[in-house]
Amino acid sequence: MHLEPGNDTQHLEFLLLGLAEDPELKSLLFGLFLSMYLVTVVGNLLIILATISDSHLHTPMYFFLSNLSFVDICFTSTTIPKMLVNIQTQSKAIPYAGCITQIHFFVLFAGLDDFLLSVMAYDRFVAICHPLHYMVIMNCRLCGLLVLVSWGLSFLHALLQSLMTLRLSFCTDLEIPHFFCELNQVVQRACSDNFLNEVVLYFAAVLLGGVPLTGILYSYCKIGSSIRAISSAQGKYKAFSTCASHLSVVSLFYGTSLGVYLSSSMTPDSRSIATASMMYTVVTPMLNPFIYSLRNKDIKSALRRLCDTGR
């Protein structure tokens, strides 16, 4: 069977092999992923509600944080619900249109995570290195523009990758050893020439991954220099504490995603890569609210007030 793009694609299905074949293990995974998904959604929703309801949190840092929380909810919602349905119905199938849609939104929200983390690093850079001009530089217009540009670039990248995938033809090898339609895995299963797709894929990964990461590293180099110049130990601790949560999230996101990328280039075991990719697709979005709330007095106070209001 050979399917040209646009030719009978409504009957084409990919098979998501998931993380385990054992039925008992699948039941365990269902409970685990459902719990993690609910924690992710509730945790990030609480962060969003706290930043909206508390006037003390109407600052650039928390505006970006609420955007990151919204993106994290969408990011996990792109993959986990479909996986849970597949486990519950004991089905591995995802339609062609569903797979392309999943690729589009996964790339969109992964890119947004990337851009928002770099925007938040810039915000911390201005706050610590130029504190007297912070409110002038990080005005409402610039904050809105930074988020809008992040959405625009991420959408264009996701659209490009989706259109590039649509031009491919697929034959009989439609098994994907993953729990979602991972772009690289789908491209590799094409029976038409996928060289251009791989070039675009790696070029985009270097450009859209490398540039924000470079910005983050540059910001933290400058932040480090500014903190070292502070004379008092208390001043140093206060300055560092304002960016500790963000630094933890950045380390977690980039550490796990780079780990998956490096392991995929070193090992042919796709099932191991699928398991490793859980870290940045599921675990990191779940931990982000805890990292920000546990290390942040303002968030904890806002959450307490939110709980008191709800009683």
Side-chain angles (χ1 to χ4, degrees), residues 43-44 46-72 113-147 149-150 210-258 284-308:
N44 282 291
L46 284 173
I47 294 288
I48 293 168
L49 289 171
T51 53
I52 290 171
S53 63
D54 197 316
S55 58
H56 297 96
L57 302 183
H58 292 174
T59 62
M61 181 172 77
Y62 296 111
F63 170 68
F64 296 134
L65 176 59
S66 61
N67 274 275
L68 182 69
S69 294
F70 173 73
V71 168
D72 279 343
D113 250 344
D114 207 10
F115 283 123
L116 285 173
L117 287 173
S118 62
V119 165
M120 291 170 82
Y122 175 70
D123 172 71
R124 293 299 83 207
F125 159 72
V126 176
I128 293 170
C129 300
H130 305 284
L132 299 177
H133 301 100
Y134 177 70
M135 292 312 296
V136 176
I137 297 171
M138 299 303 294
N139 55 65
C140 292
R141 186 179 176 184
L142 179 64
C143 292
L145 186 64
L146 287 170
V147 170
V149 169
S150 298
V211 172
L213 181 58
T214 303
I216 291 169
L217 293 174
Y218 175 80
S219 295
Y220 275 104
C221 283
K222 291 291 186 182
I223 287 169
S225 299
S226 295
I227 290 174
R228 277 202 308 273
I230 298 170
S231 55
S232 69
Q234 188 179 359
K236 285 182 179 181
Y237 175 77
K238 189 177 178 181
F240 178 75
S241 64
T242 63
C243 56
S245 298
H246 177 256
L247 192 56
S248 303
V249 171
V250 167
S251 303
L252 195 62
F253 180 79
Y254 277 101
T256 53
S257 53
L258 284 173
T284 303
M286 181 186 72
L287 292 179
N288 285 358
F290 292 102
I291 292 169
Y292 275 102
S293 59
L294 290 173
R295 297 186 63 92
N296 193 303
K297 290 179 183 177
D298 294 333
I299 289 283
K300 281 194 275 191
S301 300
L303 287 172
R304 266 192 229 101
R305 282 191 286 271
L306 189 66
C307 291
D308 292 339

>> Does any part of the side chain of Val249, heavy atoms only, come nearer than 4.5 Å to the side chain of Tyr292, both counted from C-beta?
In response: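 Yes; the side chains approach each other to less than 4.5 Å.
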Heavy-atom pair with the smallest gap, counting every atom of [X] and [Y]:
X	Y	result
Thr59	Tyr62	OG1-CD1, 3.1 Å
Leu117	His246	O-NE2, 2.8 Å
Leu303	Leu46	CD2-O, 3.6 Å
Met138	Tyr122	SD-CE2, 3.7 Å
Phe64	Met120	CB-CG, 3.5 Å
Ala302	Ala50	CB-CB, 4.0 Å

> What residues form a side chain to side chain contact (heavy atoms under 4.5 Å, CB included) with Ser69, not counting sequence neighbours?
Replying inline: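 Expected list: Asn44, Ile47, Ile48, Leu65.
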[atom1] of [X] to [atom2] of [Y]: how many Å apart, nearest 0.5 Å?
X	Y	atom1	atom2	answer
Ile299	Thr51	CD1	OG1	6.5 Å
Leu145	Ser150	CG	OG	9.0 Å
Tyr134	Met61	OH	CE	7.0 Å
Thr284	Asp72	OG1	CG	8.5 Å

> Quick one: ring pair (Phe, Tyr, Trp, His ring centres under 6.0 Å) partners of His130, sequence neighbours excluded?
Replying inline: Phe125
> Applying the side-chain contact (heavy atoms from CB on, under 4.5 Å) test to Val119, which of Leu146, Asn67, Ile216 qualifies?
Replying inline: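 Single side-chain contact (heavy atoms from CB on, under 4.5 Å) partner of Val119 among Leu146, Asn67, Ile216: Leu146.
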> So among Val147, Ile52, Leu68, Asp123, which one has a side-chain contact (heavy atoms from CB on, under 4.5 Å) with Phe63?
Replying inline: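 By the side-chain contact (heavy atoms from CB on, under 4.5 Å) criterion, Phe63 pairs with just one of Val147, Ile52, Leu68, Asp123: Val147.
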> Would you find more than 12 non-hydrogen atoms of other residues, nucleotides or ligands less than 6.0 Å from His56 atom NE2?
Replying inline: no
>> Surrounding CZ of Phe70 (heavy atoms of other residues, nucleotides or ligands, distance under 6.0 Å), is the total greater than 12?
In response: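 Not buried by this count: 12 neighbours or fewer within 6.0 Å.
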> What do the steps show when you test Leu247 against Phe240 for side-chain contact (heavy atoms from CB on, under 4.5 Å), and what is the final call?
Replying inline: CA-CA 10 Å; Leu247 192 56; Phe240 178 75; 4.3 Å; yes
Donor-acceptor pairs under 3.5 angstrom involving side-chain atoms of residues 222-237: please list them, not counting sequence neighbours.
unit_1	atom_1	unit_2	atom_2	d
Ser225	OG	Cys221	O	3.1
Ser226	OG	Lys222	O	3.2
Ser232	OG	Gly235	N	3.0

>> Evaluate Asn288 against Phe253 for side-chain contact (heavy atoms from CB on, under 4.5 Å), listing each step before the verdict.
In response: CA-CA 10 Å; Asn288 285 358; Phe253 180 79; over 6 Å; no
